[in-house]
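So the structure is just underneath, and the comments pick up after that.
Note that ligands are numbered from 1 as they come in the structure, with each ligand's atoms numbered from 1 the same way. Residue indices begin at 1 and follow the sequence shown. These values consider heavy atoms only, across backbone and side chains, with no hydrogens, waters or symmetry-generated copies.
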Amino acid sequence: MERLAENIQYIKGVGPTRSRQLNRLGITNIFDILWHVPRGYINRDHTACINTLQPGETVSIRATILGTTSSRARRGMSILKALLQDRTGITTAVWFNQPFLKNTLKTGQEIFLTGKVAEKGGQAEINVAEYEMIGNEEETAKIAAVYPLTEGLNQKSMRRIVATVIDGYLREYPDILPGPLRDELSLCDIRSALRNIHCPQNRENYFSARQRLAFEELLLFQLNLVKNSLRTNEKGIPHAERDDLVSKVKGNLPYHLTGAQQKVIREIFADMESETSMTRLLQGDVGAGKTVVAALAAAKCVSSGHQAAIMAPTEILSRQHFCSMQKFFAGTNVAIASLTSGTHIKARNQILSALACGEVNIIVGTHSLIQDDIKFASLGLTVIDEQHRFGVRQRARLNQKGQSPDMLVMTATPIPRTLALTLYGDLEISIINELPPGRKPIPTKFIPHTGRKKVYDFVEKQVEQGAQVYIVCPLVEESQKQDLQAAVSLYDELSQIVFPQFSVGLLHGKMKAEEKQAEIEKFKRRKIDILITTTIIEVGIDVPNASLMIIEHAERFGLAQLHQLRGRVGRGQRQSYCILTGNPQSEEAFRRIKAMEKTNDGFLLAQEDLKIRGPGEFMGVRQHGLQQFKIADLTADLKLSEKAREIARTIEVPDNKILNKYLQLKFKNDLMQISG
Ligand code: ADP
Ligand code: MG
């Protein structure tokens with residue numbers, strides 16, 4: 001195992017120059033070489049005849065070079081063409097932007113190549129994807145690997161390096177799956193898998209190699225999660241209610257809990273009662289009613305004599321939760337406090353000492369809650385809202401303030417269950433799969449920027465009927481100032497010229513906390529008809545009378561964000577609408593907008609988003625180590641992934657030191673990120 005971490009310089013035939021080239025490909029050690037999987041293969045056994053080439057197909061041919069020509073096209077693109085002949089005819093092969101190949105493609109030489117056939121002026125022409133020169137030492141393998149390369153490094157050298165490593169080091173490679181388990185899962189051993197991914201003999205052993213390596217990546221990923229997880233299996237607090245606080249809170253609700261809410265509450269309560277500490281993820285679409293679930297969990301915790309902490313990603317949301325909690329706990333003797341960066345120092349000190357001696361039962365706040373000087377008398381539950389904004393590390397820091405407190409994490413964006421199982425392998429999952437009764441779908445329509453007049457006519461009609469409206473302007477990191485200006489000038493235009501008869505408000509991130517709060521209060525109390533805002537309202541704001549959401553420059557928002565924004569309306573009795581305006585240019589932007597028009601279901605949208613962006617981007621690559629997946633594909637290998645999760649939780653790894661080393665080799669710095 002140790003030798004797999006050795007620097008590539010130790011490989012026979014790899015000197016400083018080669019070493020630098022390999023570094024450019026992200027390869028620094030022996031392990032990296034073994035996982036430098038081919039991006040394709042050339043099958044030397046299956047070649048087509050030149051006289052049968054059909055435009056559109058991808059083919060491999062074997063031919064002799066008759067000559068080459070190079071030229072330049074528009075925008076400086078270089079084109080290299082070779083005239084090729086086999087015993088059936090003549091054709092042309094084309095390489096783009098590789099002028100240096102001219103020296104390699106010598107007249108009279110034989111070449112293998114694969115590529116897509118195109119038609120150019122009535123003639124077939126091959127756009128070359130892979131090629132290899134056929135030398136005197138005819139290669140024996142029927143199927144040859146084609147590797148990602150870098151300048152100065154060709155396929156032959158790469159293949160030789162891989163072969164050397166396979167010969168010299170593969171026997172050191174640890175197999176974390178014991179034989180019987182491999183048999184049970186119908187997976188081959190890891191060494192054959194690595195060997196066969198580089199040198200497959202046939203389709204069967206290629207696929208079984210691929211399957212094992214995909215499983216290996218998923219399993220390591222899960223082991224990584226489990227190892228770094230907060231799931232300590234330590235004894236937590238077995239919460240036992242000592243009074244009727246939970247029923248009292250239920251009695252305060254102006255509605256009945258939905259069946260789905262009741263179900264997740266049962267799951268959470270069972271966890272809280274048990275001796276092992278809870279690590280549970282609560283998923284539910286926007287507006288599904290997660291807050292009340294958090295409140296009931298807090299009630300149970302307080303009833304059993306402990307304190308609960310609720311952490312939200314923004315001040316606005318934190319304040320709103322604080323107000324909600326006050327309503328939920330009205331008429332009880334539960335003491336609730338709020339702590340954000342805006343809290344004055346004197347009030348803060350008071351809250352801190354009240355927390356430390358147990359006088360405060362529930363604290364609601366932002367990340368201010370994880371500061372070092374905050375101590376609890378007995379922290380029994382942490383609730384973390386809108387999880388995407390907090391790293392695993394912040395989760396852990398809040399939890400460390402108690403003796404294995406129970407933890408409930410609530411997502412801002414629901415994701416498909418199977419994917420959630422993979423990405424949050426360390427958490428149990430509860431899903432609210434039902435919205436409160438009476439919610440009507442929110443018709444959503446895209447109107448291009450040129451149709452603004454139409455949009456404003458609609459706004460006017462709605463406001464006249466008593467509706468309140470959000471107009472959201474995007475705020476993009478790089479040009480914050482400019483975008484802020486856009487919001488301000490839109491405010492001027494609307495308040496002065498377009499809607500002088502209505503009350504128009506403005507909310508943006510540069511305002512002081514109190515100013516923001518005041519503006520939101522005004523909107524809540526219907527003193528404002530139209531609220532122009534940047535994306536700071538994205539998560540959590542709950543103003544049931546607001547029923548029209550207009551999103552400017554919708555193309556600049558991600559799908560999850562659009563869905564969150566739309567979720568700000570449709571919360572009350574009124575029929576709600578969402579209008580997306582803007583000027584989408586890219587195919588992806590169009591797909592996002594189409595998806596929004598098509599469905600209101602956050603889980604479906606997440607699935608679509610995943611398809612559009614791929615899992616790495618979807619989850620925010622850096623936090624999850626997903627970019628280290630060379631073979632596994634989270635959209636395609638979900639079944640395999642679930643299996644990996646299951647195995648990761650039960651497998652007995654004989655030697656933790658080996659496992660750690662292995663995880664480090666595979667996930668590099670991502671491991672550090674995950675463990676915090
Ligand atoms: P989210 O899951 O997005 O955090 P909230 O907890 O903010 O959703 O709830 C959205 C709205 O639905 C709130 O106005 C809340 O009062 C209301 N609500 C929650 N549960 C129910 C229910 N069972 N019946 C009716 N309304 C509910
Ligand atoms: Mg919420």
Side-chain angles (χ1 to χ4, degrees), residues 246-247 249-268 280-299 308 310-314 316-330 362 364 366 383-390 408-415 420 429-442 468 470 520 523-526 535 537-547 549 560-574 576 578 600-603 605-606:
V246 171
S247 329
V249 172
K250 280 186 183 162
N252 276 344
L253 302 178
Y255 45 71
H256 292 288
L257 294 170
T258 62
Q261 282 169 323
Q262 288 173 21
K263 185 193 72 189
V264 302
I265 289 165
R266 276 199 300 277
E267 290 165 355
I268 291 166
R280 190 169 279 277
L281 179 72
L282 176 59
Q283 289 216 82
D285 206 344
V286 181
K290 295 183 287 286
T291 318
V292 63
V293 173
L296 287 165
I310 300 174
M311 185 158 79
T314 64
I316 293 181
L317 194 52
S318 162
R319 290 219 48 117
Q320 180 174 289
H321 280 335
F322 177 62
C323 295
S324 307
M325 292 304 145
Q326 284 178 319
K327 282 190 204 135
F328 288 134
F329 286 88
I362 298 176
V364 184
T366 54
V383 177
I384 300 177
D385 196 10
E386 317 296 1
Q387 117 103 18
H388 280 356
R389 301 255 184 126
F390 292 111
L408 183 65
V409 177
M410 306 200 288
T411 50
T413 313
I415 58 177
I429 295 172
S430 287
I431 298 180
I432 306 182
N433 56 0
E434 166 187 17
L435 294 176
R439 294 277 169 82
K440 302 181 203 91
I442 304 162
Q468 287 176 282
Y470 292 105
I520 288 173
F523 192 59
K524 270 195 173 152
R525 281 191 271 107
R526 303 180 67 168
T535 42
I537 65 150
E538 178 192 333
V539 279
I541 285 195
D542 188 34
V543 180
N545 190 56
S547 62
M549 167 62 65
Q561 238 183 340
L562 289 172
H563 180 59
Q564 270 294 322
L565 286 168
R566 177 170 58 187
R568 297 311 106 211
V569 299
R571 299 183 156 239
Q573 296 307 309
R574 198 176 276 287
S576 294
C578 175
N600 272 248
D601 182 325
F603 288 95
L605 284 172

Point to revise | Full working for side-chain contact (heavy atoms from CB on, under 4.5 Å) between V383 and M410 | key: CA-CA 7 Å; V383 177; M410 306 200 288; 3.9 Å; yes

Would you mind running through ligand 1 and noting each atom that sits below 4.0 Å from a heavy atom of [X]?
{"X": "T291", "value": "4 (O), 5 (P), 6 (O), 7 (O)"}
{"X": "H256", "value": "22 (C), 23 (N), 24 (N)"}
{"X": "V286", "value": "3 (O)"}
{"X": "G289", "value": "1 (P), 2 (O), 5 (P), 6 (O), 8 (O), 9 (O), 19 (C)"}
{"X": "D542", "value": "13 (C), 14 (O)"}
{"X": "T258", "value": "23 (N)"}

Practice item. For G284 and ligand 1, answer yes if some heavy atom of the residue is under 4.0 Å from a ligand atom, otherwise no. Key: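 G284 does not count as a contact of ligand 1 under the 4.0 Å cut-off.
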
Check your understanding: Under 4.0 angstrom from ligand 1, any heavy atom of G287?
Key ->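 A heavy atom of G287 does come that close to ligand 1.
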
**Study point:** Side chain to side chain, Q283 and I415, heavy atoms closer than 4.5 Å
**Key:**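 In short, these two side chains touch, coming nearer than 4.5 Å.
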
Exercise for review: Could you check if a side-chain atom of T291 sits within less than 4.5 angstrom of a side-chain atom of F328, using non-hydrogen atoms only?
Suggested key: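 Touching, per the 4.5 Å side-chain cut-off.
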
Review point. Evaluating non-hydrogen atoms only, which member of R571, K290, Q564 is closest to atom 7 (O) of ligand 1?
Key: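 Looking at heavy atoms only, the winner is R571.
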
Exercise for review: Look at the side chain of D285 and the backbone N and O of L435, then say whether any donor-acceptor pair between them is shorter than 3.5 Å.
Suggested key: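 Looks like no, no N/O pair under 3.5 Å.
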
Point to revise | Side-chain donor/acceptor of E434 to backbone N/O of A260, under 3.5 Å | key: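 Confirmed, E434 side chain pairs with A260 backbone.
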
Check your understanding: With backbone taken as N, CA, C and O and side chain as the heavy atoms from C-beta onward, which portion of L257 lies under 4.0 Å from ligand 1: side chain, backbone, both, or neither?
Key ->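 For L257, the contact with ligand 1 is made by the backbone alone.
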
Practice item. Answer side chain, backbone, both or neither: which part of R439 comes under 4.0 Å from ligand 1, heavy atoms only. Key: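 The answer is the side chain of R439.
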
Check your understanding: Take atom NZ in K440; do more than 12 heavy atoms of anything else shown fall under 6.0 Å from it?
Key ->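 Enclosed: over 12 neighbouring heavy atoms sit under 6.0 Å from NZ of K440.
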
Practice item. Give the C-alpha distance, both sets of side-chain angles, the deciding distance and a yes or no for side-chain contact (heavy atoms from CB on, under 4.5 Å) between R568 and V286. Key: CA-CA 8 Å; R568 297 311 106 211; V286 181; 3.5 Å; yes

**Study point:** Partner of T258 under side-chain contact (heavy atoms from CB on, under 4.5 Å), chosen from H256, Q261, Q262
**Key:**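 For T258, the side-chain contact (heavy atoms from CB on, under 4.5 Å) test succeeds with only one of H256, Q261, Q262, which is Q261.
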
